[in-house]
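Below, chain A is the first sequence line, B the second, and so on; all start at residue 1.
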2 protein chains.
Amino acid sequence: MTISEVSKKYGLTPDALRYYERLGLIPGVRRSKSGFREYSEEDCRWIEFIKCMRGAGLPIEVLSEYVALFRQGDSTVEARRRLLVEQREQLLARIGEMQETLARLDFKISFYDEVLSVAEAGLK
Amino acid sequence: MTISEVSKKYGLTPDALRYYERLGLIPGVRRSKSGFREYSEEDCRWIEFIKCMRGAGLPIEVLSEYVALFRQGDSTVEARRRLLVEQREQLLARIGEMQETLARLDFKISFYDEVLSVAEAGLK
DNA sequence: TTAAACCCTGGAGCGTGCTCCAAGTCAAGC
DNA sequence: GCTTGACTTGGAGCACGCTCCAGGGTTTAA
C-alpha cells in the first residue's frame, strides 16, 4: 500500500505517518526502488496499534521505546511486559480521574436541568 | 489566601494560577492594596473545579467560555448547560476509547505472561 | 534598616505532537 | 516528450499549556 492509501485507511495524515516512522514507531517500512514507501500488512498492524495507543494518550517516546524493545527480539519480552503494565496503570488512573469528572459534569447538568424546569414552571 | 497557599492546596504552580486568571478561568480575584492576590473561598471552589476539568482534558478555551457565560448571569443558564452537555459527551467518548485501549493492553500483557510462563516451564 | 522571602507584570521559552512547505524525484496518461 | 499528480527529505512553523525569567515593588523578621 502507498502512504496515501494507509493514510485514508487509518485516518492519519501522510505527514503523521512519516513523523511516526522517523521517531521509530513504525519499524521497517520497505521502499520501492524509487524510494516510495510500500506498507505491508504487518506495517498496517503496527500503525493500527500505534494509532490506538496514541488515541489513549500514550506518549510517543514510550511507544518508540516499546518498538525498539520489540526489534531487539525475544530477550526483551520481560521489559516489554513491564512497559505495558506501567502504561496500563497510568491509563487506568487517567480513566478513573475522567470518570470522576464525568460524574461531576452529570451532577452539574442535572442541576441546570432543575433550574431550567423551575424557570419554565414559573412562566406558566 | 495568598497565591502560594492556594498553589500548595491544589497542587498548581503560582504561574499556572496566574495564567488561568489571565485567560479568564478564575473570575474576580481580589487584590490587597499593594496588588497581591487574595483568594476567597469562592475563588478556591473555582480553582478546584478548573483543576478537575483540566485534569480530564477539557480545553482552556472551553472553560474560559463557561466562566464568561457564568459571569453574564442567569440569562446564560441554557447556554452553560449546552456547553457542559457537549463536553460531557466528548469526555464519555474519550473514556470509551481509553477503555478499549485498556482492554487491549490487558490482552497483550496476558499474552506476555503466557510467553514468560512457557519460557520458565521450558527451563525446568 | 536591611536581608530574605514573597508578590507583581509582561513577555520569552519550552515540550509535545504534529502540520506545512520548498525543492526535487518519480509515475501514469495523453 | 510532457504534464499532472503523488512521493521524497529536511526543516520550519504552529497550537496548546504551561513554565521561567527579568525587573521591580512589598512584607517580615532579625
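Between the CG atom of A:L58 and the P atom of C:dT16 there is a distance of 15 Å, given to the nearest Å. Between A:D15 atom CG and D:dT8 atom C1' the separation is 11 Å, expressed in whole Å. The CD-P distance, from A:E5 to C:dA27, rounds to 15 Å in whole Å. If you take OH of A:Y10 and P of C:dC18, they are 17 Å apart, rounded to a whole angstrom. Separating the CG atom of A:L12 from the P atom of C:dG17 is a distance of 14 Å, rounded to the nearest angstrom. In this structure, A:E61 atom CD and C:dG17 atom P are separated by 9 Å, rounded to whole Å.
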Could you walk me through whether B:W46 and B:F70 pass ring pair (Phe, Tyr, Trp, His ring centres under 6.0 Å), step by step?
-> CA-CA 11 Å; B:W46 271 112; B:F70 181 88; 5.0 Å; yes
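Near-neighbour residues of DNA chain D inside residues 16-47 of chain B, defined by a heavy atom below 4.0 Å, number-ordered: B:Y19, B:Y20, B:S34, B:F36.
Ring centroid separation for the pair B:Y39 and B:Y10 does not come in under the 6.0 Å cut-off.
As judged by a 4.0 angstrom heavy-atom cut-off over every strand, B:P14 is placed among residues making no nucleic acid contact.
Using modelled atom types and a 3.5 Å distance limit, the side chains of B:Y66 and B:R80 yield no donor-acceptor pair. Of the N and O atoms on the side chains of A:D113 and A:S110, not one donor lies less than 3.5 Å from an acceptor on the other residue.
For A:T2, whose side chain is taken as the heavy atoms from C-beta onward, the closest listed nucleotide among D:dC7, C:dC7, D:dG17 is D:dC7.
Here the side chains of B:V85 and B:R81 are in contact, with some heavy-atom distance below 4.5 Å.
For the OP1/OP2 pair of D:dT19 and a distance below 4.0 Å, the side-chain nitrogens and oxygens of B:T13 include at least one atom meeting the criterion.
For the pair A:T101 (side chain) and B:M53 (backbone), a donor-acceptor distance under 3.5 Å is absent.
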